[in-house]
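Below is one structure; the comments refer to it alone.
Just so it is clear, the values below take in all heavy atoms, side chains as well, and ignore hydrogens, waters and symmetry mates. Below, chain A is the first sequence line, B the second, and so on; all start at residue 1.
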Amino acid sequence: MSNKVKKTLKDSLNSQQYDAVTTVNGPVAVFAGAGSGKTRVITYRIANLLNEGIPITNILAVTFTNKAANEMKERIQGVVEIDPKKLWIGTFHSICLRILRQSGKAISLRPDFTVFDEEDSLSLIKDCMKESNIDIKRVNPRTVSKTISDSKVALVSSEDYPNVAGTGYFVDIVSSVYALYEKRLRENNALDFDDLIYKTVILFQNEPSTLDQYQEIFKHILVDEYQDVNAVQYELLRLLANKHRNIFVVGDDDQSIYAFRGADPTYMLRFRQEYPDAKVIKLEENYRCSQMILNAAHCVVQNNEKREEKKLWTNNEKGTPVKLVVCSNEKDEAQKTIQLIQERIKTQNRTYNDFVVLYRINAASRNFEEALMADDIPYQLVGGYRFYQRKEVKDFIAYLRIVNNPDDRVSINRVINYPKRNIGAVFIRKIEKMAHEDQCSFYDACHHLLKKKEAVARGRKGLQEFIDVVEAGRKLLQKGSLLDVAKLVYERTNIPTMLETEYAEDIAKDKVSNLRELLSAIHDFEQQYDGTEPILQAFLAQVSLFTDLDNMDPEQSRVTLMTIHSVKGLEFPIVFMAGMEEGLFPHYLSNCKQNALEEERRLCYVGFTRAKTELYLSYAMNRELYGKTTKSTPSRFLEEISEDLIERLKISTPRDGETGLKRKVSSVNRSKKDYSKGNPVSLGDLTAGKIVCHKIWGHGIVLDLKEIDSEHIIHIDFDTVGERMLNFKYAPLRIVEEVPTAAKGKS
DNA sequence: CACCTTGTGTTTTTT
DNA sequence: ACACAAGGTG
């Protein structure tokens, strides 16, 4: 057994990887570039620790997604025999949830607390703002929510916030809302996402004996995606590793893409300061990408100023250039993408699961879904409107949440009048008043009210029905079957019938089938239930931390659609990145800040380096988004790729004939030659009437040049895309000596 | 007092 | 395109 492991390690690892795997004691930081075998290192390291005789219960492994955790469990089982249930492996959130359920009592947390997702927490914040007479139109609740979330990540409590945040109108508002929000969370017996980690740190800070207990359990700590660790997570790790100092972190600062969530890649660079005796290992050989793809990725990311200079190398073959696909609009983009996929299936003997389509924002998935459906191509959509986030599913789950925790006011508010029970805002306020007078919970006040005969209200009957469903659910739960409880809710609330009257037939059908799917998920959960904690509590916890990514199945032959954020850690033979346009990618909200722009660039790097053999980049000249159509400029990231690594692809789809695009495409192709022959342009050259050549759009005639906010804006009429305004600073323009025929012909 | 209609504002990425 | 809040109606 032991020898088998040793041999496997030597055979399947390079010397740096081997070093990372077999350095058992002390702090280790591994800088692992994209595709350098990071997952393999972590897997083998755990296997090796077990092989060295370290009990499985003494290892903590933190991954970025549940899916990564499950995958890792499976892969370890391939090397050594383990009982995967004994291994502490999961996301920060799931691990902290487990710790708080076990030991939260020390900070007066009940073990049956509910986890609020972002929507729940925003709804509670709105309530708090209304209660404090803050005009929701003047102050955006989302901004308040984000500020509170940021505070928790920065370990700033509601008491400390006013002292730390300075002064001002907004700060005053957040101060009061934050305090009230915390109070309400406690009353709801609930924690929000940030609390899971934040309260665990508080627990460890306040209760040294509890901390000591976990320090003894987690003698060896491994952290994946360390570049995406934020302050509160860093503090958690620091506390846990403080005693035995066996902390092993793996990451890549070029792949840090979660700064919006407080991630700070400098923790990775600061590791050596925290642990001066740390061993630092660099993995720079890429085993995934072709040379051209890797170089193109490097072209982009090297434009970042805040980064450790490094260059990955690969022994893989040179490969083919990155392909640029120019599309007329977002529909055309989906069409062309699918056409390319079909071609490759036919000629290269590919299967659908060799392909992934990536985009910057979830909203972009729609067009691809529609096009794939129309062509009967199997696909799986990852992320987006996640299953457990859908309205009908959340409504249904709200009932289960109330059965589990009657203090969950957010869920009560959600469904007390759904289906309609004649319970409006006024009636609710009346119950609240009663709860306040009787010093009891809202739920208990409902009971009191129903007992009083004189309390006649129009909603009384409805309230009785609501309470009856919940009480029946609680009784049924005692008997043990979760599925029975769910069925009861399904039948007694009549939600399916409601849905049919509420929505159009096809939409209602969809929603009802989602609920059926939920019932079957509950059934499956019950089958695998291990009985370590109350079943409903266990189910709800899984639901709240579950992501669609966990559902992804790479085995099935389906095209995958997802955001670039979700694709981190995965690889595909052929990658399509859509929407390579200014404003979309980089996203316009990131445009203002240099840091944010650099993060977009890293995101681009992550996308590129998912591809093993082929990478397609596409952009649409016109895009409809958020209900309006806008003309777009190619992403600056396209300009950053050196010319020998990128190739414009000429595709004709049936639609092109109708729009006369074919003619334009051919003139663009000629223009590309002119661009490389042309001379660099200076500001003085740009007078009205001059013919210029754009790297992507080809020839155009200068109409105007003006200065706005000390930026030089050029107005050009292009043969291909018509009139555009360009910023001189970024525009890839050249002057052509001869007046090309294409431009002459146009007037 | 609850419900339905109209109008308004907002839209990144994820645990 | 969508959600959500205010205002009118039964």
Side-chain angles (χ1 to χ4, degrees), chain A residues 62-69 90-97 115-119 121-123 126 130 135-138 140-143 146 149 152-153 191-198 225 228-230 232-233 256-263 358-366 382-386 388-389 391 417-430 456-460 462 502 541-550 562-569 579 583-591 596 599-600 602-604 606-607 624-629:
Chain A
V62 188
T63 58
F64 202 69
T65 61
N66 296 308
K67 178 176 175 282
T91 60
F92 275 104
H93 291 86
S94 67
I95 284 162
C96 288
L97 176 72
V115 178
F116 279 178
D117 68 16
E118 226 155 62
E119 191 193 4
S121 122
L122 185 65
S123 136
K126 273 187 196 162
K130 282 177 199 160
D135 186 359
I136 281 181
K137 278 187 173 160
R138 276 190 71 188
N140 188 340
R142 297 175 79 113
T143 319
K146 176 83 172 82
S149 170
K152 288 184 177 178
V153 165
L191 295 183
D192 65 20
F193 271 148
D194 301 307
D195 281 336
L196 290 176
I197 305 168
Y198 176 54
E225 309 280 9
D228 284 321
V229 159
N230 61 31
V232 66
Q233 293 166 338
S256 164
I257 53 174
Y258 284 92
F260 68 92
R261 208 167 80 182
L358 303 176
Y359 33 80
R360 174 69 237 269
I361 58 171
N362 280 305
S365 69
R366 271 284 289 276
V382 179
Y385 295 100
R386 286 185 268 291
Y388 289 106
Q389 304 255 82
K391 189 185 175 302
N417 197 35
Y418 184 86
K420 293 269 182 300
R421 297 188 177 102
N422 284 319
I423 303 171
V426 177
F427 193 29
I428 287 179
R429 220 167 296 135
K430 191 174 167 185
V456 185
R458 224 198 297 184
R460 192 195 156 96
E502 209 174 343
Q542 193 198 296
V543 163
S544 58
L545 296 183
F546 188 88
T547 66
D548 249 19
L549 197 60
D550 308 334
M562 61 172 120
T563 62
I564 313 172
H565 280 88
S566 312
V567 83
K568 185 156 80 155
L584 194 59
F585 192 33
H587 197 273
Y588 72 100
L589 290 172
S590 311
N591 243 338
E599 176 148 315
E600 295 283 306
R602 290 192 292 269
L603 193 55
C604 186
V606 168
E624 190 190 330
L625 201 63
Y626 306 131
K628 61 174 185 242
T629 307

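In this entry the distance linking CZ of A/Phe64 with C1' of B/dT13 reads 10 Å, nearest Å. Taking atom NE2 of A/His565 as the reference point, atom P of B/dT12 lies 12 Å away to the nearest angstrom. Rounded to whole Å, atom P of C/dC4 lies 10 Å from atom NZ of A/Lys391. Distance, A/His587 NE2 to B/dT11 P: 11 Å, rounded to whole Å. Rounding to whole angstrom units, CZ of residue A/Phe260 and P of B/dT15 are separated by 9 Å. When the P atom of B/dT10 is taken as reference, atom CZ of A/Arg138 falls 14 Å away, rounded to whole Å. In this structure, A/Glu600 atom CD and B/dT12 atom C1' are separated by 8 Å, rounded to whole Å. As a whole-Å value, the separation of A/Arg360 CZ from B/dT11 P is 15 Å.
A donor-acceptor pair is defined here as one N or O able to donate and one able to accept, closer than 3.5 Å; such a pair exists between the side chain of A/Asn417 and the backbone of A/Asn422.
Each of A/Leu589 and A/Arg421 has a nearest nucleotide on DNA chain B; the 5'-most of these lies closest to A/Arg421.
A/Phe260 contributes atom CZ, which lies 12.0 Å from atom NE2 of A/His587 (distance to the nearest 0.5 angstrom).
Each of B/dC3, C/dC2, B/dA2 was ranked by its minimum atom distance to the side chain of A/Phe427; first place goes to B/dA2. Checked against B/dA2, C/dC2, B/dT12, the side chain of A/Val426 finds its nearest nucleotide in B/dA2. Of the candidate nucleotides B/dT15, B/dC3, B/dT13, B/dT15 has the atom lying nearest to any side-chain atom of A/His93. Nearest to the side chain of A/Lys420, among B/dT12, B/dC3, C/dA6, sits B/dC3.
Contacts of A/Asn417 with the nucleic acid, taken as non-hydrogen atoms under 4.0 Å apart, involve only primed sugar atoms and P, OP1 or OP2. Within the nucleic acid shown, A/Tyr588 has no heavy atom closer than 4.0 Å to any nucleic acid atom. Base contact: A/Glu118 has a heavy atom under 4.0 Å from a base atom. Residue A/Lys126 is classed as a sugar-phosphate contact, given heavy-atom separations below 4.0 Å to backbone atoms only.
A/Asn422 has a side-chain polar atom (N or O) that falls below the 4.0 Å cut-off from OP1 or OP2 of B/dC3. A sub-4.0 Å separation between OP1 or OP2 of B/dT15 and a side-chain N or O of A/Ser94 is absent. The phosphate of B/dT14 has OP1 or OP2 within less than 4.0 Å of a side-chain N or O from A/Ser566. Listed pair A/Asn362 / B/dT13 meets the phosphate criterion, a side-chain N or O lying under 4.0 Å from OP1 or OP2.
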In sequence, state the C-alpha distance, the side-chain angles, and the governing distance for A/Leu603 and A/Phe585, and then conclude on side chain to side chain contact (heavy atoms under 4.5 Å, CB included).
CA-CA 9 Å; A/Leu603 193 55; A/Phe585 192 33; 4.0 Å; yes

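A heavy-atom distance below 4.5 Å is found between the side chains of A/Val229 and A/Phe92. Between A/Ser544 and A/Asp117 there is no side-chain heavy-atom pair separated by less than 4.5 Å. With contacts defined as side-chain heavy-atom distances shorter than 4.5 Å, the pair A/Lys391/A/Tyr418 qualifies.
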